[in-house]
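This report refers to the structure that appears directly beneath it.
Being a predicted model, the structure only gives us computed values, none of them experimental.
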Amino acid sequence: STTDDNEMVVNAFEVKGKIDYDKLVDKFGSKLISPDLLKRLEAQTVGKGRVPFLHRFLRRDIFFSHRDLSLLLDCAEQGRPFYLYTGRGPSSAAMHLGHLVPFLFTQWLQQAFDC
(Lines give C-alpha, C1' and ligand atoms only; values in the text may rest on other atoms or scores of the structure.)
Protein backbone atom coordinates (compact mmCIF):
# COMPACT_ATOMS: atom_id res chain seq x y z
CA SER A 1 0.00 0.00 0.00
CA THR A 2 1.00 3.66 -0.37
CA THR A 3 1.15 4.15 3.39
CA ASP A 4 3.60 1.26 3.75
CA ASP A 5 5.70 2.54 0.83
CA ASN A 6 6.03 5.96 2.46
CA GLU A 7 6.73 4.65 5.96
CA MET A 8 9.98 6.10 7.23
CA VAL A 9 12.75 3.60 7.87
CA VAL A 10 16.14 4.88 9.01
CA ASN A 11 18.66 2.46 10.43
CA ALA A 12 22.21 1.27 9.84
CA PHE A 13 21.17 -0.73 6.79
CA GLU A 14 18.57 1.33 4.94
CA VAL A 15 16.92 4.71 4.55
CA LYS A 16 13.56 4.74 2.82
CA GLY A 17 10.13 6.30 2.79
CA LYS A 18 9.16 9.90 3.46
CA ILE A 19 11.77 11.18 5.91
CA ASP A 20 10.41 13.19 8.83
CA TYR A 21 13.44 15.06 10.16
CA ASP A 22 11.65 16.15 13.34
CA LYS A 23 10.97 12.48 14.14
CA LEU A 24 14.63 11.64 13.49
CA VAL A 25 15.75 14.36 15.87
CA ASP A 26 13.39 13.03 18.53
CA LYS A 27 14.27 9.37 17.91
CA PHE A 28 18.02 9.88 18.03
CA GLY A 29 18.03 12.45 20.84
CA SER A 30 19.69 15.23 18.87
CA LYS A 31 18.75 18.90 18.48
CA LEU A 32 18.13 20.90 15.32
CA ILE A 33 20.96 23.20 14.26
CA SER A 34 19.41 26.63 14.61
CA PRO A 35 20.44 29.82 12.80
CA ASP A 36 21.63 31.18 16.18
CA LEU A 37 23.86 28.14 16.72
CA LEU A 38 25.32 28.59 13.24
CA LYS A 39 26.04 32.26 14.03
CA ARG A 40 27.85 31.25 17.22
CA LEU A 41 29.85 28.64 15.31
CA GLU A 42 30.71 31.12 12.58
CA ALA A 43 31.85 33.70 15.14
CA GLN A 44 34.17 31.18 16.82
CA THR A 45 35.63 29.81 13.57
CA VAL A 46 35.33 32.06 10.52
CA GLY A 47 35.28 35.13 12.77
CA LYS A 48 38.63 34.11 14.28
CA GLY A 49 40.15 33.76 10.80
CA ARG A 50 40.93 30.05 11.10
CA VAL A 51 38.69 28.95 8.21
CA PRO A 52 37.19 31.00 5.35
CA PHE A 53 33.65 29.54 5.56
CA LEU A 54 31.43 27.32 7.63
CA HIS A 55 31.79 23.71 6.54
CA ARG A 56 29.92 22.89 3.33
CA PHE A 57 27.80 20.27 5.15
CA LEU A 58 26.49 23.07 7.38
CA ARG A 59 26.08 25.63 4.58
CA ARG A 60 24.12 23.12 2.47
CA ASP A 61 21.96 21.84 5.37
CA ILE A 62 23.36 18.33 4.98
CA PHE A 63 23.90 18.40 8.75
CA PHE A 64 20.60 19.46 10.27
CA SER A 65 20.96 18.30 13.87
CA HIS A 66 23.64 17.87 16.50
CA ARG A 67 24.56 16.59 19.91
CA ASP A 68 26.59 18.83 22.18
CA LEU A 69 27.63 21.41 19.57
CA SER A 70 26.30 24.09 21.92
CA LEU A 71 28.51 22.69 24.73
CA LEU A 72 31.54 22.78 22.45
CA LEU A 73 30.74 26.42 21.60
CA ASP A 74 30.30 27.26 25.29
CA CYS A 75 33.84 25.97 25.88
CA ALA A 76 35.24 27.86 22.90
CA GLU A 77 33.54 31.10 23.94
CA GLN A 78 34.87 30.75 27.49
CA GLY A 79 38.37 29.71 26.42
CA ARG A 80 38.01 26.28 28.03
CA PRO A 81 39.52 23.16 26.42
CA PHE A 82 37.38 20.52 24.73
CA TYR A 83 37.91 17.37 22.72
CA LEU A 84 36.43 15.98 19.51
CA TYR A 85 35.19 12.41 19.33
CA THR A 86 33.83 10.73 16.20
CA GLY A 87 32.99 7.37 17.74
CA ARG A 88 34.75 5.59 14.86
CA GLY A 89 38.36 4.47 14.77
CA PRO A 90 40.23 4.37 11.46
CA SER A 91 41.58 0.89 12.25
CA SER A 92 38.11 -0.66 12.19
CA ALA A 93 37.67 -3.65 9.90
CA ALA A 94 34.21 -2.37 8.94
CA MET A 95 35.26 1.01 7.51
CA HIS A 96 33.41 2.19 4.40
CA LEU A 97 33.06 5.34 2.34
CA GLY A 98 30.24 6.63 4.55
CA HIS A 99 32.67 7.03 7.43
CA LEU A 100 34.39 9.76 5.46
CA VAL A 101 31.56 12.18 6.36
CA PRO A 102 32.32 12.45 10.11
CA PHE A 103 36.06 12.35 9.42
CA LEU A 104 35.84 15.30 6.99
CA PHE A 105 33.75 17.34 9.40
CA THR A 106 36.02 16.50 12.34
CA GLN A 107 39.02 17.57 10.26
CA TRP A 108 37.30 20.89 9.59
CA LEU A 109 36.51 21.32 13.30
CA GLN A 110 40.17 20.66 14.15
CA GLN A 111 41.26 23.34 11.72
CA ALA A 112 38.46 25.74 12.67
CA PHE A 113 39.24 25.51 16.40
CA ASP A 114 43.01 25.21 15.95
CA CYS A 115 43.06 21.83 17.69
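- Between I33 and L41 the shortest side-chain heavy-atom distance does not fall below 4.5 Å.
- When atom types are taken as modelled, the side chain of N11 and the backbone of E14 share a donor-acceptor pair closer than 3.5 angstrom.
- At a threshold of 4.5 Å between non-hydrogen side-chain atoms, the residues F105 and L109 count as touching.
- Within a 6.0 Å sphere centred on CZ of F28, heavy atoms belonging to other residues, nucleotides or ligands number more than 12.
- Smallest separation of non-hydrogen atoms from G98 and P102: O-CD, 3.6 Å.
- Between C115 and F82, the closest side-chain pair of non-hydrogen atoms falls below 4.5 Å.
- Side-chain contact between Y21 and L32 is absent, with no heavy atoms from C-beta onward closer than 4.5 Å.
- Between H66 and L37, the closest side-chain pair of non-hydrogen atoms falls below 4.5 Å.
- Under a hydrophobic-cluster definition in which Ile, Leu, Val, Met, Phe, Trp and Tyr are linked whenever side-chain heavy atoms come within less than 4.5 Å, directly or via other members, V101 and L69 are assigned to the same cluster.
- The two residues L104 and R56 have their closest heavy-atom pair at CD1-NH2, 4.2 Å.
- Between the OG1 atom of T106 and the OH atom of Y85 there is a distance of 11.5 Å, given to the nearest 0.5 Å.
- Hydrophobic clustering of Ile, Leu, Val, Met, Phe, Trp and Tyr side chains at less than 4.5 Å, counting indirect connections, unites L84 with F63.
- In terms of hydrophobic clustering, with Ile, Leu, Val, Met, Phe, Trp and Tyr side chains grouped at heavy-atom distances under 4.5 Å, L97 and F103 are assigned to different clusters.
- To the nearest 0.5 Å, atom CG of residue D22 and atom OG of residue S65 are 10.5 Å apart.
- For the pair T45/R50, no side-chain contact is recorded, criterion being any heavy-atom separation below 4.5 Å from C-beta on.
- Rounding to the nearest 0.5 angstrom, the gap separating the CH2 atom in W108 from the CZ atom in F113 is 6.5 Å.
- V25 and L58 are assigned to two separate hydrophobic clusters, defined by single-linkage of ILVMFWY side chains at heavy-atom distances under 4.5 Å.
- The CG atom of L54 sits 12.0 Å away from the NZ atom of K39 when rounded to the nearest 0.5 Å.
- No side-chain heavy atom of L73 sits less than 4.5 Å from a side-chain heavy atom of Q78.
- Heavy atoms only, all atoms of each residue included: C75 and P81 are closest at SG-O, 4.0 Å.
- Two residues are said to be in side-chain contact when any heavy atoms from C-beta on lie closer than 4.5 Å; V15 and V9 fail this criterion.
- Checking K16, K23, K18, K27 one by one against M8, the side-chain contact (heavy atoms from CB on, under 4.5 Å) holds for a single residue, K23.
- Heavy-atom neighbours of E77 CD from other residues, nucleotides or ligands within 6.0 Å: above the threshold of 12.
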Set out, in order, the CA-CA distance, both residues' side-chain angles and the distance that settles side chain to side chain contact (heavy atoms under 4.5 Å, CB included) for D74 and R80, then state yes or no.
CA-CA 8 Å; D74 290 344; R80 294 185 302 161; 4.3 Å; yes
